[in-house]
Amino acid sequence: MPRYQPARIEPKWQSWWQAHDTFATPRLPSGRKRYVLDMFPYPSGDGLHVGHPEGYTATDIVARFERMRGTSVMHPMGFDAFGLPAEEHAIRTGTPPRESTARNIETFRRQLKMLGFSYDWGRELATTDPGYVRWTQWIFLVLFDTWFDPTTGRGRAIAELPIPPEVSAAGEAEVARHRDAHRLAYQSEAPVNWCPALGTVLANEEVIGGVSERGGHPVVRIPLRQWMLRITAYADRLEQELEGVDWPASIKKLQSDWIGRSTGAEVDFFIAPPGAHGAAFADWSAARRGGGFPQRPGHDVIRVYTTRPDTLYGVTYLVVAPEHPLVDALTTAGQREAIAAYREAAARKSDLDRTDLAKEKTGVFTGAHCIHPLTGAPVPVWVADYVLATYGTGAIMAVPAHDERDWEFARTFGLDVITVVEPTGGHGHSGTLFTGDGRAIHSGPYDGLDTRTFIARVGADLAATGLGRPAVNYKLRDWLFSRQRFWGEPFPILHELGPDGQPTGAIRALDEGELPVRLPELTDYRPGDTPDPPLARASDEWLVVERDGRRYRRETNTMPQWAGSCWYYLRFLDPNNSDRFVAADVERAWMPVDLYIGGAEHAVLHLLYARFWHKVLYDRGHVSCPEPFGRLVNQGMILGEMEFTGYRSEKGGWVSAEQRAEADTPARVRADQVEKQGEHFVLRDSPRTRVESRAYKMSKSRGNVVNPDQVVRDFGADSLRLYEMFMGPLEATKPWSTTGVSGVRGFLDRCWRLVVDERAEDPVLAPQVVDDQPTDDQLRELHRTAHKVTADIESLSFNTAIARMMEFVNVFTPLDRRPRAVLEPFVTILAPFAPHLAEELWEVLGRPAPVSLAAWPAVDERWLRDDVVEVPVQVNGKLRGRVTVPADADTAALEAAAAADPRVAELLAGKQVVKVVAVPGRMVNFVIR
RNA sequence: GCCGGAGUGGCGAAAUGGCAGACGCGACGGACUCAAAAUCCGUUGCCCGCAAGGGCGUGUGGGUUCAAGUCCCACCUCCGGCACCA
């Protein structure tokens, strides 16, 4: 019976922990605190994937380790439960999303408990809980009540927004409009991918080649009223405050690139009226000289944004985006038809397709010209979709000699190229592409200036003459925050209805006390014929409300899935608080998160959105720190098992992998049918046939998905945990290997036999476990293991920590007398990694449960030092011998001992020793001639 | 195209500029067994050699250094991300 049986001991200790509330966290920490957080999962219908336990085991080891060291540990888990799959399942089957979500959560919870994670389950939450939604909506109201004050760089209450006199003079409604236009949560008409055939709005990634991914129906981009969050106001802080957080440099860079700050200038180009434009331009420039550069461009100019105002003299044409508001006004009669056709084609393409077709530039001449602000020369205006309406001003000045895109466009359409920058130290050939910095030529008064000086000077000159101004732009766009979907948080917003039952355009926020706004009961989740969200079909009972004698219609969009995950780390601290989203003292005591582990797929969006919300809450005084996440680590992906793939021709014969043709079909080859030959694997029976070897991402279609339930059944939860940590570095991508799991299981079996008598009927101590005083060597082994494992957990190097424990077991397994005084501390070291086994061994050793809260062994430095060390002796850098010397032997002693080694002496005989390098405790090298 | 990351035994991997391959898998040999499994012990980078020993070896080519998997330069391959942001 007492073989190591995870199926018996794992459920036993899971129930014990649950019954004893072993991992319950107090409201406030005492002493040192650690907030150890996992990115919570979306509870999909497929259940847990082996990728989940990787990060979860890593944090669990850290949490358990810290607890054993007396740290107050916050280690919660919950579910990111709103989202599309549940809704699509509902459309297919009619099951309400709330039901399928509840079922999926149950599965996830069971699986997470089965793996023995030490979460405080009393803090579990789901983003779909009404008690959670309430506060998500409350935070939305905070965003709605906040404007960004550029003078202080902070968000402030909307009541503090200065109202210009002309606005207050225009009346109450105008003041409201002014406020609405400055809120961090605002409405705008943004283009969306609308698929009439499917009756739904699609995400960009659901549109391929202008048609829907599912069904291949045409998709058009239509403007639709949307909720936006003004994340761009925080762009600078989101970028700059990355400096203070302990994140991988690559993730910081990813975020910084995503924010994409660029500096340059905006310049206005006067639109030449047909006919005599000279005089009009002169008047216009004179007016600008006096009046300055207007805040918003009038209808008489095209405003462009450029990062290279030093190339102004090289402008040969302008381009406006197809959606640019002035296109109609610009287009001449002769070009009207061509422009209309072009714009319609552009509307059919998603942003993704536009960029996909990057090779071939397209565009149409509008027939209009602008006047170059510095030279007065006419410049043709084109419409082309290589210019994005959503970036900068939606219009550019084209400098084909110094911009690759403009260069390609100009070559396609035979437009002029004027060289105005030449590389410093050489002269560029006129009419070629040069995008680097250099020295100005053909640039009037600026000739000879280097690029940087030119940019500064022309910026000042443009500002002085009212023709332009320095400007900053971001790739980051405001966050499109509404979805035309059912399964998300409703907005706590009402739209006022006029006497005719139509919206007046006025909106009002619900009071805090009215939250949460619950989702209405619907029987049908299907999309309709219009882009109206499903909630628009709710009964009037839900939809229409009266407040203060006025009628309102509820907002029928819902929030995107990101909303719930933007602040869950705060709610975990105080999940049942019904007065506040988190109590202030609790927040101050636990925040920020000390260790945050999750997949790299959230490197940009989730982390950026959460940081944005956090900063707004910080500005408004609701949280105490500006950044939510201190140390961030991305676990790597776990791939399927390594596969060998051969190729067969149509006739059925093998084709070597490097010669395969399109028509050849791949075939799985078993590992025992191949062998390595040089760089490649070949078929054993046909050594000239190469086969491909690699591991693939796990996917249902490939059939290489590993199911954690199955692994637990076959090997136990502790084996799964330990294997995932032993596979390699946490952050690396690594292939699954079933034999690897069984190897780790073998180690746990050996741990078991180290302590337990396998031949006895009951779990009793092995006869080898004795009360002997441990020897010095045994203590050395123990303390070194403890020392190494401690350091490795702190650096998240779990694979080497486990290797060290294996060495320990290898040392003690052959011993007939194993001192309890060494085994007991070892069991505590094992506990964070294989907690169920450790609890069972602890019990067999007769110690009071739980080992999970036992003290982590103290390391005695004394046992880390060696008395004697063996150092390598090199001659000319080649290893020629080893000598054993006292650990504290100095350079001279070391050199003498090395020279005395017979083999070394032989090699040195008759040679001239040019130099000796002796590093105490490490090595000796004789350089001879 | 741009930006990351990675290339080390048959495989997963380890290695503050100082003995390359710890640890695990696999393989081979041995003990136990009627036998097998399990377990325990041993061997295992490649080549030459009976051995002692020697040579080669961390994607490729150069460089720095007494000493390079590790630092520098150039290149190749694979993986991931971004992709007309003016």
Side-chain angles (χ1 to χ4, degrees), chain A residues 3 248-251 253-254 257-258 260-262 264 304-308 311 319 351-352 354-359 361 384-388 390-393 395-399 402-406 408-409 473-477 600-601 603-604 636-637 639 642 671-672 674-676 679 681 693-695 697 723 726-729 731-744 746-747 749-750 753 758 797 799-807 810 813-814 870-882 903 914-919 921-928:
Chain A
R3 292 260 292 268
S250 59
I251 301 292
K253 187 163 185 314
L254 225 52
D257 288 351
W258 186 264
R261 184 179 202 268
S262 83
V304 303
Y305 171 71
T306 178
T307 54
R308 292 289 302 272
T311 59
V319 184
D351 270 351
L352 216 66
R354 278 205 200 177
T355 56
D356 245 15
L357 305 169
K359 309 118 209 168
K361 295 246 181 315
D385 67 4
Y386 83 90
V387 171
L388 305 176
T390 47
Y391 182 78
T393 59
I396 60 147
M397 55 178 228
V399 186
H402 306 291
D403 181 280
E404 204 172 323
R405 297 147 299 182
D406 298 342
E408 283 169 20
F409 189 81
N473 264 299
Y474 302 92
K475 284 195 206 178
L476 182 69
R477 308 295 154 86
E601 66 273 20
V604 177
M637 204 192 326
L639 304 174
M642 171 92 109
D672 59 3
V674 301
E675 61 190 3
K676 186 123 185 192
E679 297 274 277
F681 281 91
S693 74
R694 69 169 274 213
K697 211 166 150 169
Y723 172 64
F726 187 61
M727 290 172 86
E731 300 183 65
T733 301
K734 24 194 191 282
W736 185 265
S737 153
T738 302
T739 55
V741 189
S742 79
V744 155
F747 164 67
D749 280 318
R750 284 194 293 281
R753 286 192 294 270
E758 204 176 22
S797 307
N799 53 335
T800 50
I802 294 165
R804 192 65 191 80
M805 291 190 277
M806 288 173 168
E807 289 185 70
N810 290 345
T813 290
E870 192 187 60
V871 300
V873 182
Q874 298 175 349
V875 177
N876 282 348
K878 284 188 197 295
L879 179 69
R880 294 301 167 178
R882 296 190 171 89
R903 278 207 54 223
V914 180
K915 184 175 181 180
V916 182
V917 183
V919 182
R922 298 228 61 112
M923 49 72 66
V924 183
N925 187 11
F926 293 94
V927 184
I928 62 172

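The figures here come from the full heavy-atom set of this structure, side chains too, leaving out hydrogens, waters and symmetry mates. What you are looking at is a predicted structure, and each value in this text was computed from that prediction instead of being measured. Here is the naming used below: chain letters follow the sequence lines, and residue numbers restart at 1 for every chain.
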Set of residues satisfying ring pair (Phe, Tyr, Trp, His ring centres under 6.0 Å) with respect to A:W258, sequence neighbours excluded: none

A:E675 has an atom CD; how far is it from atom P of B:A27, in whole Å? 16 Å

Any strand is fair game: report the nucleotide pairing with B:G42 by Watson-Crick or G-U wobble, both distances under 3.5 Å, or none. B:C28

Applying ring pair (Phe, Tyr, Trp, His ring centres under 6.0 Å) to A:F681 and not counting sequence neighbours gives A:F644

In this structure, which one of A:D406, A:D403, A:T306 forms a side-chain contact (heavy atoms from CB on, under 4.5 Å) with A:I396? A:D406

Please list each protein N or O that sits under 3.5 Å from an N or O in nucleotides 65-69 of chain B, with the distance.
residue, atom, partner, partner atom, Å
B:C66, O2', A:N925, ND2, 3.1
B:C66, O2, A:N925, ND2, 2.8

What does the list of N/O pairs under 3.5 Å between the protein and nucleotides 42-50 of chain B look like, with a distance for each?
none

Closest of B:U39, B:C23, B:A86 to the A:R753 side chain is B:U39

With sequence neighbours excluded, tell me which residues meet ring pair (Phe, Tyr, Trp, His ring centres under 6.0 Å) with A:F409. A:Y317, A:W382, A:Y386, A:F413

From B:A86, B:G12, B:U39, nucleotide with atom closest to A:Y305 side chain: B:A86

Which atom pairs link the protein and nucleotides 76-82 of chain B when you take only N or O atoms and keep those under 3.5 Å?
none

Are there any protein N/O atoms within less than 3.5 Å of an N/O atom in nucleotides 9-11 of chain B, and if so, which ones and at what distance?
residue, atom, partner, partner atom, Å
B:C11, OP1, A:K676, NZ, 3.1

A:T307 and A:S262: which non-hydrogen atoms are nearest, and at how many Å? CG2-OG, 3.8 Å

Closest to the A:F726 side chain, choosing from B:G12, B:C3, B:C19: B:G12

Pair partner, B:U77 [Watson-Crick or wobble, under 3.5 Å]: B:A6

Partner set under ring pair (Phe, Tyr, Trp, His ring centres under 6.0 Å) for A:Y305, not counting sequence neighbours: none

By side-chain contact (heavy atoms from CB on, under 4.5 Å), which residues pair with A:N876, not counting sequence neighbours? A:V927, A:I928

With A:A695, which residues qualify under side-chain contact (heavy atoms from CB on, under 4.5 Å), at least two apart? A:L639, A:P735

Taking only N/O atoms, report every protein-nucleotides 54-59 of chain B pair under 3.5 Å with atom names and distance.
residue, atom, partner, partner atom, Å
B:G54, OP1, A:R880, NH1, 3.3
B:G54, OP1, A:R903, NH2, 2.3

Partner of B:A51 by Watson-Crick or G-U wobble geometry, both contacts under 3.5 Å, or none? none

Filtered N/O pairs between nucleotides 14-16 of chain B and protein, under 3.5 Å:
residue, atom, partner, partner atom, Å
B:A14, OP1, A:N799, ND2, 2.9
B:U16, O4, A:R922, NH1, 3.3

